[in-house]
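Okay, structure first, notes after.
Note that the numbering runs from 1 along the sequence shown for the chain. Heavy-atom basis, side chains included; hydrogens, waters and symmetry copies ignored.
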Amino acid sequence: MRVILNGELIQLPEHVVFISDVLKHYEIHNRVVIVEVNGEIVNKVEHQSTRLSDKDRIEIVHFVGGG
């Protein structure tokens, strides 16, 4: 499946189907993140049930500590 992730067209592996899979694939599943799919924010509870489709636009923002 090909999606636009943070403005970049990427090919996801076949096993990546849900938002939670994307977060695990990029090893950010343990971080505090905000995920938006096609302009709609998806809350954390829905990450495991929100199935992605070809050409979806995904924005992932995670917070970084520091000063």
Residue pairs, two or more places apart or on separate chains, that pass side-chain hydrogen bond (donor to acceptor under 3.5 Å, both in side chains) and touch residues 8-18: none
Hey, what do you get for CD1 (I41) to CD (E59), rounding to the nearest 0.5 Å? 11.0 Å
Taking the side chain as everything from C-beta on, heavy atoms only, tell me whether D21 gets closer than 4.5 Å to L52. no
State yes or no: do F18 and V37 share one hydrophobic cluster built from I, L, V, M, F, W and Y residues joined by side-chain heavy-atom distances below 4.5 Å, directly or via other members? no
What are the two closest non-hydrogen atoms of I28 and V33, and how far apart are they? O-CG1, 4.0 Å
Applied to residues 37-48, the side-chain hydrogen bond (donor to acceptor under 3.5 Å, both in side chains) test, sequence neighbours excluded, yields N38-D56
From CA spacing to verdict: side chain to side chain contact (heavy atoms under 4.5 Å, CB included), I60, Y26: CA-CA 11 Å; I60 299 175; Y26 287 102; 5.7 Å; no
Take L23 and V35 through the test side chain to side chain contact (heavy atoms under 4.5 Å, CB included) and record every step on the way to the result. CA-CA 10 Å; L23 299 176; V35 179; 4.3 Å; yes
Shortest non-hydrogen contact between D54 and R2, atoms and distance: OD1-N, 2.7 Å
Linking I/L/V/M/F/W/Y whenever any side-chain heavy atoms sit under 4.5 Å apart, do I34 and L5 land together? no
Hey, quick one: are I10 and I19 part of the same hydrophobic cluster, counting side-chain heavy atoms closer than 4.5 Å, chains of contacts allowed? yes
